[in-house]
Each structure stands twice: as structure tokens, then as C-alpha cells.
Amino acid sequence: MPGNWETGPDLAAALRSDVERAVATHRLKLDRGKVTAVSGHAAGVGIELADATTRTADAAVIATGVTARTPADSAWIAAPDGFLPPPLWRTAPAGMHGVTYVLGADRPLGTWLRAHPRVGLNLNVLCPAEDGYKTAEIADDPRVNVMRISHVEIAEEADGRPELTVTHRDGEQRRYLAATVLSNLGNSPAALDGLKRGLDGYCPPELQHPRLLVAGDLRSARFQRIVTAQGSGAQAALARYYDVALARA
């Protein structure tokens, strides 16, 4: 694939084009579906899909990475089941109406503020103790009200507006009505069931079944973490190729 793309959409279009060309040569079969679990055994691998069907193969190359944390993943937040506020990083100023509360003070907060320097919105940021050190970069921005809290309980008023019962770190408890609630809770490792995780939650290649090949246990640029990925697509593909080639030699 030529490396002359400059934007995400350009890269996505180039990847689609490459896939379409490979399918046309009959060297690649494209099977669309959501994978829920993988398993490796002596004779091959099993790939379970969300529609309850299973695919089998000699080996599987698996890309893992991270996913955005939700209120349900955060011990300091109590919220109704299925409460999934939109992420701050994806929300334009036009999408914020009235009094706005942000759950968490992760790094994208500073990025968002720098990306919208002329926007006069005020953000009430609920900051648990573990996020405290991240607020240094936005401490001088007058648009941010950092609320240092230990817990928040979120409920929905009769008119549909979220009500936040906040326990501040000094023990004081107060209630606030919000017009907009946004999520800024950071990320956590994401992996399919069947993969083995390390202590940090990621999936080192050396812990996996020999037929389950991790291709890029990626850390997330979206959450501004720059850490070397574990494994790569080339490494995974070549490992399988040499396994087969040596077995036939």
C-alpha cells in the first residue's frame, strides 16, 4: 500500500482498496462479523462470533488494544445501567448545552481545551483522587471548574436532566442538575475472551497459545499514551509462515 495518505480517512480508503484487490484475486475471503472469543488447541483455533456461529482455522492473527472506560468501570461513579455519556474528545462545542459536567480529568481534557481556545463554555470537571495529577496542565484555564470529589451518584430527573449527587473530598455532599454530561474517564486494555493477559491487562504474545498470534497489542494514541506495541502484523504473519514452512521442510 503506498504511504502517501495524510489523514485517517485517506488511510481507511487505502486499506479498503487493498482488501478489495486481495478479495478479487481469491487469495482472501472477507468474513464480516463481531468476534467474541477465541481458543487455541492442538489441531487449530476456534473463533466465536456474536451471532453464535463459530469459525475454525489453523491459526488466528488477532489485533488487541484499548477501549474507553465507562461509568460502570469506575468505582467512584454510581449510575443507572446503560448510562453511557458521549466522550468529551468526540463532542463539539455545539453539542454542549447548558450546564456541562465532565466525568474524569483524563488528558484529552487539555487537548480539547487547546483545540477550542476561543470557545467560552464552562466545564465542571469531576476529578477523583487518581486523576488529580492530570489537572496541572489545565489549572490556569478559567473555563474549567475542577471539582475534587470522592464519589458521584447519577440519576435522571423527571424532565430527563441528569442529577448528580456529589461527595466532595472533605465529606460534603451536594446535588447538581446538569444539562450535558460527558465522559473523560481514560481507557483500559481490551482483549477477546480466550487471550491471556499480563499484570497490566494487555496480551503479551509470549503468553498466548502458539496458534493465537497477537498482532499489535496497541496502546492508544487517542488517550495520548505512547508505548511500544507488543507484537506486530508482520511478526505474527511471519511466525505462522515459518511454523508451516519448517514443518514441511
What I'd like to find out is whether the side chain of Lys134 reaches to under 4.5 Å of the side chain of Arg107, using heavy atoms alone. yes
With the side chain counted from C-beta on, respond yes when Asn122 and Asn145 share a heavy-atom pair under 4.5 Å apart, and no when they do not. no
Between Thr135 and Cys127, what is the shortest heavy-atom contact and its length? CG2-SG, 3.9 Å
Partners meeting side-chain contact (heavy atoms from CB on, under 4.5 Å) with Val35 (sequence neighbours left out): Val38, Ile47, Leu49, Leu192
Measure the shortest side-chain to side-chain distance between Arg174 and Val166 over non-hydrogen atoms and say whether it is less than 4.5 angstrom. no
The single option from Ile154, Ile149, Asn124 that satisfies side-chain contact (heavy atoms from CB on, under 4.5 Å) with Leu164 is Ile154
Start with the C-alpha gap between Glu137 and Arg114, add the side-chain angles, then the distance that decides, and say whether salt bridge (charged side-chain N to carboxylate O under 4.0 Å, His left out) holds. CA-CA 10 Å; Glu137 65 177 294; Arg114 289 189 294 273; 2.8 Å; yes
Pairs satisfying ring pair (Phe, Tyr, Trp, His ring centres under 6.0 Å), at least one member in residues 159-197, at least two apart: Tyr101-Tyr176
Residues forming a salt bridge (Lys or Arg N to Asp or Glu O under 4.0 Å) with Asp141, sequence neighbours excluded: Arg143
All heavy atoms of Arg211 vs all of Asp58, minimum pair found to be NH1-O, 2.7 Å
Please list, chain by chain and in numerical order, all residues satisfying side-chain hydrogen bond (donor to acceptor under 3.5 Å, both in side chains) with Arg27, sequence neighbours excluded. Thr25
Side-chain contact test, heavy atoms from C-beta onward, threshold under 4.5 Å: evaluate it for Val99 versus Thr180 and give yes or no. no
By side-chain hydrogen bond (donor to acceptor under 3.5 Å, both in side chains), which residues pair with Glu20, not counting sequence neighbours? none
For residues 70-81, which side-chain donor-acceptor pairs fall under 3.5 Å, sequence neighbours excluded?
| residue | atom | partner | partner atom | Å |
| --- | --- | --- | --- | --- |
| Thr70 | OG1 | Ala72 | N | 3.4 |
| Thr70 | OG1 | Asp73 | OD2 | 3.1 |
| Asp73 | OD2 | Thr70 | N | 2.9 |
| Ser74 | OG | Thr70 | O | 3.4 |

Tell me, please, which residues at least two apart from Arg197 pass side-chain contact (heavy atoms from CB on, under 4.5 Å). Pro189, Ala191, Cys203
Side chain of Gln208, backbone of Lys196: donor and acceptor closer than 3.5 Å? yes
Contacts satisfying side-chain hydrogen bond (donor to acceptor under 3.5 Å, both in side chains) that involve residues 30-48 (not counting sequence neighbours) are Asp31-Arg55
Sequence-distant partners of Ser188, side-chain contact (heavy atoms from CB on, under 4.5 Å), two or more places apart: Thr67, Arg69
Closest heavy-atom pair and its distance - Val181, Pro85: O-CB, 3.3 Å
Pairing donors with acceptors under 3.5 angstrom, does anything connect the side chains of Asn184 and Asp106? no
For Val102, what are the other residues in its hydrophobic cluster, where any two members join if their side-chain heavy atoms are less than 4.5 angstrom apart? Leu88, Met96, Leu109, Trp112, Leu113, Val119, Leu121, Leu123, Val125, Ile138, Val144, Val146, Leu182
Are any side-chain N or O atoms of Thr54 and backbone N or O atoms of Gly46, one a donor and one an acceptor, separated by less than 3.5 Å? no
Nearest heavy atoms of Gly98 and Ala179, plus distance in Å: CA-CB, 3.8 Å
Residue list, side-chain contact (heavy atoms from CB on, under 4.5 Å) with Pro87, at least two apart or on another chain: Trp89, Arg90
So which residues get pulled into Leu177's cluster when ILVMFWY side chains under 4.5 Å apart are joined, directly or through others? none
Looking at Asp170, I want to see if its CG is surrounded by more than 12 non-hydrogen atoms of other residues, nucleotides or ligands under 6.0 Å. yes
